[in-house]
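What you see is a predicted model, and the numbers here were worked out from it, not measured in a lab.
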Amino acid sequence: MASRVLTVAQDGSGDYITVQEAIDAVPLSNTCRTVIRVAPGIYKQPIYVPKTKNFITLAGLTPEETVLTWNNSATTIDHHQASRVIGTGTFGCGSVIVEGEDFIAENLTFENSSPEGSGQAVAIRVTADRCAFYNCRFLGWQDTLYLHYGKQYLKDCYIEGSVDFIFGNSTALLEHCHIHCKSAGYITAQSRKSSQESTGYVFLRCVITGNGGNSYAYLGRPWGPFGRVVFAYTYMDQCVKHVGWNNWGKAENERSACFYEYRCYGPGSCPSKRATWSRELIDEEAEQFVAHYFIDPDQQRPWLAQRMALRIPHSA
C-alpha cells in the first residue's frame, strides 16, 4: 500500500491541475512512497523531479491517453529575435527531468514534440538511481531517451527516434521493449568512459522495427570510448544495417567499445556481416547480461524486486 496518493486532473477534479504542482507538493528528502495518479490528458509542460524528492510514482491509465509533452531542444530559437539563440543544452532540454531516486513511472507517454531536424530534443533525462518504467512510451527524434546516470529498468516500453535516441552512461536493462527507428541514425550512444565502469545498456527479448526501408539504422555507436551495449534474444527487422555498429568516426573506439549480441534473430541480425570489432557472446559470457542481476547485483537488498512489487493494479 502506498503511504500517500495525490491526483492530477486537468478538469480540476483532482488534487492538482498539473503534474508539476503535484511534484512540488512532495517534500524534499522524501522517504515515503508517494503515488501521483495522472488522469487522461495531454499535459503540455516541462516537468522536473528534483534531487531528494525520492520515492515518487507517476501513474496513468494508459500511455496513449496520458501524455507528458514539451517541445524544447538543445538550442531553442527565440522567434521574436530570430538572430538570438538560447542554449539549454542536451542536459537541460528534457521535457521531463528526473533527479529524485527510486522513481517509478507506469502507463505514461514521455514526449518531446520538436519536429525532425530540431537537433537534440530529449523526451526524458534520468539522472537518478533505482528507477523503473513500466508500459511507457518515449517519443521523439534525436536523443529521445537520456539514461544519464544510475540504474534503470524498463519493461514493456515503446521507444522511438532516429539519432542516438537511447543514450547516456547509466546501467540499464530494457526488457520486452519495442524499439522503433523512424529514420536513418543510431539506436544507442552509450558513454562508458573506462573499462572500470559497470555501466551499459542491455536489451533483453526486445523487438526492433523500422519504417519499411532496408538497412538504414545502426544498433549503436560509442559516445564514450568504452561504450557498452548488448542485444540479447532480440528480433531485428530489415531496418538494421548488416554492419550493425559504427565507430563514430574514430578507429581507436574499435579497440575499446564493447558491442555484443547474443542469440538475436530476424532479417537485421547478420552475425557474419557485423563489424569485426563487435562480436557474438558465448553462453558463459552472456550470463551476466541476460538476468536482472545486471542492474541489481546486491541480492541482500534487491531493489528491483521491491519496485516490481510496487506496481499498481489498474483497479486500485
All side chain to side chain donor-acceptor pair (under 3.5 Å) counterparts of Ser272, not counting sequence neighbours: none
Any side-chain heavy atom of Tyr218 sitting closer than 4.5 Å to one from Val243? yes
Side chain to side chain contact (heavy atoms under 4.5 Å, CB included) filter on Ala184, not counting sequence neighbours, yields Tyr216
Please output the side-chain donor-acceptor pairs of residues 274-283 that fall under 3.5 Å, not counting sequence neighbours, one pair per line with the distance.
{"residue": "Arg274", "atom": "NE", "partner": "Glu261", "partner atom": "OE1", "Å": "3.3"}
{"residue": "Arg274", "atom": "NE", "partner": "Glu261", "partner atom": "OE2", "Å": "2.7"}
{"residue": "Arg274", "atom": "NH1", "partner": "Lys241", "partner atom": "O", "Å": "3.2"}
{"residue": "Arg274", "atom": "NH1", "partner": "His242", "partner atom": "O", "Å": "2.8"}
{"residue": "Arg274", "atom": "NH1", "partner": "Gly268", "partner atom": "O", "Å": "3.2"}
{"residue": "Arg274", "atom": "NH2", "partner": "Glu261", "partner atom": "OE1", "Å": "3.1"}
{"residue": "Arg274", "atom": "NH2", "partner": "Gly268", "partner atom": "O", "Å": "2.7"}
{"residue": "Ser278", "atom": "OG", "partner": "Ala275", "partner atom": "O", "Å": "2.9"}
{"residue": "Arg279", "atom": "NH1", "partner": "Glu285", "partner atom": "OE1", "Å": "3.0"}
{"residue": "Arg279", "atom": "NH1", "partner": "Glu285", "partner atom": "OE2", "Å": "3.1"}
{"residue": "Arg279", "atom": "NH2", "partner": "Glu285", "partner atom": "OE2", "Å": "2.9"}
{"residue": "Glu280", "atom": "OE2", "partner": "Arg263", "partner atom": "N", "Å": "2.9"}
{"residue": "Asp283", "atom": "OD1", "partner": "Tyr262", "partner atom": "OH", "Å": "2.7"}
{"residue": "Asp283", "atom": "OD1", "partner": "Arg263", "partner atom": "NH2", "Å": "3.2"}
{"residue": "Asp283", "atom": "OD2", "partner": "Arg263", "partner atom": "NH2", "Å": "3.4"}

Are there over 12 heavy-atom neighbours, none belonging to Gln196, within less than 6.0 Å of that residue's CD? no
With sequence neighbours excluded, what pairs up with Lys51 under the side chain to side chain contact (heavy atoms under 4.5 Å, CB included) test? Glu99
Which residues share a side chain to side chain donor-acceptor pair (under 3.5 Å) with Thr57, sequence neighbours left out: Arg33
Gly249 and Asn247 have their tightest heavy-atom pair at N-OD1, 2.8 Å
Ignoring hydrogens and angles, write down the donor-acceptor pairs under 3.5 Å from the side chains of residues 139-148, residues two or more places apart or on other chains.
{"residue": "Thr144", "atom": "OG1", "partner": "Glu160", "partner atom": "O", "Å": "2.9"}
{"residue": "His148", "atom": "ND1", "partner": "Thr127", "partner atom": "OG1", "Å": "2.9"}

Consider only side-chain heavy atoms of I, L, V, M, F, W and Y, link residues closer than 4.5 Å, and tell whether Leu58 and Val8 are in one cluster. yes
Angle class for the Phe138/Phe133 ring planes (parallel below 30°, perpendicular above 60°, tilted otherwise)? perpendicular
Give the C-alpha distance, both sets of side-chain angles, the deciding distance and a yes or no for side chain to side chain contact (heavy atoms under 4.5 Å, CB included) between Cys181 and Ile187. CA-CA 7 Å; Cys181 305; Ile187 295 173; 3.6 Å; yes
Mind checking whether Cys136 and Leu154 have side chains closer than 4.5 Å, heavy atoms only? no
Criterion side chain to side chain contact (heavy atoms under 4.5 Å, CB included) on Trp248 and Asp164, from CA distance to verdict: CA-CA 11 Å; Trp248 209 312; Asp164 304 334; 3.7 Å; yes
Here's a test for you: under side-chain contact (heavy atoms from CB on, under 4.5 Å), which of Asn214, Ile179, Leu219 qualifies with Val240? Leu219
Looking at side-chain heavy atoms only, is the closest gap between Trp245 and Asn253 below 4.5 Å? no
Validation row: Thr66, Asn107 side chains within 4.5 angstrom (heavy atoms): no
With under 30° as parallel and over 60° as perpendicular, where do the rings of His180 and Tyr158 fit, or are they tilted in between? parallel
Audit row: Tyr134, Tyr153, side chain to side chain contact (heavy atoms under 4.5 Å, CB included) steps and yes/no: CA-CA 8 Å; Tyr134 301 101; Tyr153 177 64; 3.8 Å; yes
Write down the atom of Asn72, the atom of Asn112, and the distance for their closest heavy-atom approach. O-ND2, 2.8 Å
Look at the side chain of Thr171 and the backbone N and O of Lys151, then say whether any donor-acceptor pair between them is shorter than 3.5 Å. no
Can you see whether Asp156 engages Asn135 through a side-chain donor-acceptor pair at a distance of less than 3.5 angstrom? no
Other than Ile17, what residues sit in its cluster of Ile, Leu, Val, Met, Phe, Trp and Tyr side chains whose heavy atoms are under 4.5 Å apart, directly or through others? none
Co-membership, hydrophobic cluster, residues Ile36 and Ile47, 4.5 Å side-chain: yes
Cluster check Ile159, Tyr186: I/L/V/M/F/W/Y, side chain < 4.5 angstrom: no
Strictly distance-based, threshold 3.5 Å: is any side-chain N or O of Thr7 a donor or acceptor partner for the main-chain N or O of Arg37? no
Non-neighbouring partners of Arg192 that pass salt bridge (charged side-chain N to carboxylate O under 4.0 Å, His left out), sequence neighbours left out: none
Side-chain touch Met236/Phe231, heavy atoms, less than 4.5 angstrom: yes
According to salt bridge (charged side-chain N to carboxylate O under 4.0 Å, His left out), who are the partners of Arg228, at least two apart in sequence or on a separate chain? none
Hydrophobic cluster membership, Leu174 vs Val230, 4.5 Å side-chain cutoff: no
Using the rule that two of Ile, Leu, Val, Met, Phe, Trp, Tyr join whenever any of their side-chain heavy atoms come within less than 4.5 Å, decide whether Phe294 and Phe203 are in one cluster. no
What closest approach, in Å, do Asn30 and Asn54 show between heavy atoms, and which atom pair accounts for it? ND2-O, 2.7 Å
Salt bridge (charged side-chain N to carboxylate O under 4.0 Å, His left out) filter on Asp102, not counting sequence neighbours, yields Arg130, Arg307
Quick one: does Phe103's side chain get under 4.5 Å of Val49's, heavy atoms only? yes
Please tell me if the side chains of Trp303 and Ile295 come closer than 4.5 Å, counting only heavy atoms from C-beta onward. yes
Taking side chain to side chain donor-acceptor pair (under 3.5 Å) as the definition, give me every residue that meets it alongside Thr199, ordered by chain and number, with sequence neighbours left out. Asn169
Please find the pair of heavy atoms, one from Val19 and one from Gln45, that lie closest to each other, and give the distance. N-OE1, 4.2 Å
What is the minimum heavy-atom distance between Asn71 and Ser114, and which atoms define it? O-OG, 2.8 Å
If you measure only the distance, is there a donor-acceptor pair under 3.5 Å linking the side chains of Tyr48 and Gln20? no
Sequence neighbours left out, what passes side chain to side chain donor-acceptor pair (under 3.5 Å) with Ser170? Give chain and number order. Gln152
Heavy-atom closest pair (Arg4 atom, Val26 atom, distance to 0.1 Å) is NH1-CA, 4.1 Å
Whether Ser118 side chain and Glu116 backbone form a donor-acceptor pair below 3.5 Å: no
Atom NZ of Lys250: over 12 foreign heavy atoms under 6.0 Å: no
